[in-house]
Amino acid sequence: MLIKSKRGWELPESAATPEDVFFSRRGLIGASAGLAAATLAGPALAQRAGQAPDPTADLYPAKRNPAYTVERPLTPEEIASNYNNFYEFGTSKRVASAAQALPIRPWTVKIDGLVEKPQTIDIDALIRKMPIEERLYRFRCVEAWGMTVPWTGFPIKALMDMVQPQGSAKYVRMETFNDPKIAPGQRAPWYSWPYVEGLAIDEAAHDLALLVTGVYGKPAARQFGAPLRLIVPWKFGFKSVKSIVRISFVAEKPATFWETMQASEYGFWANVNPAVAHPRWSQATEEVIGVGNRIPTQLFNGYGAEVADLYKDRQRERLWA
Ligand SMILES: Nc1nc2c(c(=O)[nH]1)N[C@H]1C(S)=C(S)[C@@H](COP(=O)(O)O)O[C@H]1N2
Ligand SMILES: [Mo]
């Protein structure tokens, strides 16, 4: 039987998400329907036959850093691994199976721009050089849902110490792979591929800003953005760019994927704030993925004590979403 893959405009409403700015009709209802269906997709997650074992598997589980803990239960792995946002592999939350097509070895990361030691480094060499540890973080998507995830990774600061940014570097720009042959979503020309995100240099140097290599005590599954993705827990999830191939230290604020697509709804700073509504929905509460109830959203997603100072001289910027 011929199964034709659907284009964006053919997607059923149940598969569209609020971030899908061009096609969304029903917003959050669609996201919940997606979760119900996703629980049926579990077996598709099994490693494809013939995939080599991860060369860094011996590093996991990494030591948990008790300084980064949370007051709420972790999202079960089975739930988090079947509810992902990865537009390269489709606009629904059920992209885990499709994402298994991404080859994650060999993989190199190019680090360039305004640094003393630009380099292109093999991912396994990088991971073994960096101080990886496990941290429990709250994770909040702009679509008003949240999870709690045990990430393993290292602070971007450790990478900065390796490449030594120059004084003129004011921002860090991070870019996802771009290969439409592998990622069907990248064949849709109305998106500005590749996915790009960025941080101000002081945000990147903050200890909470993590480059993630593992999840749930193992090397990251592909749908989480293996083999290297960003996690900035005080910002909306779209800042946390996946499957990074290039990290550039630059003087100007980078043009980011969602801001380029729809600046009125998704800005550069994108800090979590329950008091500032998205143009199309409230951010006051969030759906707990896997449980289904709603809980209050916290300012800076609960990390205000650590990060609020980063913004005290930026009050004229659009800091929220
Ligand atoms: N390359 C890339 N990175 C991405 C995305 C994406 O579509 N492509 N989606 C973002 C969004 S909107 C969210 S909420 C998180 C989801 O991460 P998760 O699937 O690990 O929960 O990844 C972010 N990083
Ligand atoms: Mo998101």
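When a ligand or atom number is given, it counts from 1 through the structure's own listing order.
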Worksheet item: What about F257 and Y87, are their ring centers closer than 6.0 Å?
Response: no
Worksheet item: Between K93, R229, R140, which one has a non-hydrogen atom sitting closest to atom 17 (O) of ligand 1?
Response: R229
Fill in: Option nearest atom 19 (O) of ligand 1 (shortest heavy-atom distance, choices Q223, E143, K242)
K242
Worksheet item: Under the criterion salt bridge (charged side-chain N to carboxylate O under 4.0 Å, His left out), which of R72, R294, R138 is the partner of E286?
Response: R72
Item to complete: Could you list the atoms of ligand 1 found under 4.0 angstrom from a heavy atom of T176?
Response: 1 (N)
Worksheet entry | Contact check: N84 vs ligand 1, nitrogen or oxygen atoms, below 3.5 angstrom | yes
Worksheet item: Does Y195 approach ligand 1 within less than 4.0 angstrom via side chain, backbone, both or neither, non-hydrogen atoms only?
Response: side chain
Worksheet item: Under the 6.0 Å and 45° cation-pi test, does K93 pair with Y83?
Response: yes
Item to complete: Using the six-membered ring wherever Trp is involved, compare the ring planes of F89 and F86 and label them parallel, tilted or perpendicular (cut-offs 30° and 60°).
Response: perpendicular
Item to complete: Below 4.0 angstrom from a heavy atom of F238, which ligand 1 atoms are there? Numbered from 1 as shown, please.
Response: 10 (C), 11 (C), 12 (S)
Discussion item. Before you tell me yes or no, could you show the steps for F300 and W320 under ring-ring contact (aromatic ring centres under 6.0 Å, His included), namely the whole-Å CA-CA distance, both residues' side-chain angles and the distance that decides it to 0.1 Å?
Written reply: CA-CA 9 Å; F300 290 112; W320 324 105; 5.3 Å; yes
Practice prompt. Inspect the surroundings of CD in E252 and state if more than 12 heavy atoms from other residues, nucleotides or ligands are less than 6.0 Å away.
Written response: no
Discussion item. Check for me whether the distance between the ring centres of W234 and Y303 falls short of 6.0 Å.
Written reply: no
Worksheet item: Taking everything shown except K253 itself, do over 12 heavy atoms lie less than 6.0 Å from its NZ?
Response: yes
Discussion item. Within the 4.0 Å heavy-atom shell around G237, which atoms of ligand 1 are there?
Written reply: 10 (C), 11 (C), 13 (C), 14 (S), 15 (C), 22 (O), 23 (C)
Worksheet item: For L228, which of L126, L159, V245, V241 qualifies under side chain to side chain contact (heavy atoms under 4.5 Å, CB included)?
Response: L126
Item to complete: Select one of side chain, backbone, both or neither to describe which atoms of F257 lie under 4.0 Å from any atom of ligand 1, heavy atoms only.
Response: neither
Practice prompt. For F139 and ligand 1, answer yes if some heavy atom of the residue is under 4.0 Å from a ligand atom, otherwise no.
Written response: yes
Worksheet item: So which bit of N85 gets within less than 4.0 Å of ligand 1, heavy atoms only: side chain, backbone, both or neither?
Response: both
Worksheet item: Just heavy atoms, cut-off under 4.0 Å: does E88 contact ligand 1 by side chain, backbone, both, or neither?
Response: side chain
Discussion item. Closer than 4.0 Å to some heavy atom of C141 - which atoms of ligand 1 meet that?
Written reply: 14 (S)
Worksheet item: If you measure from each heavy atom of G225 to ligand 1, is any distance below 4.0 Å?
Response: no
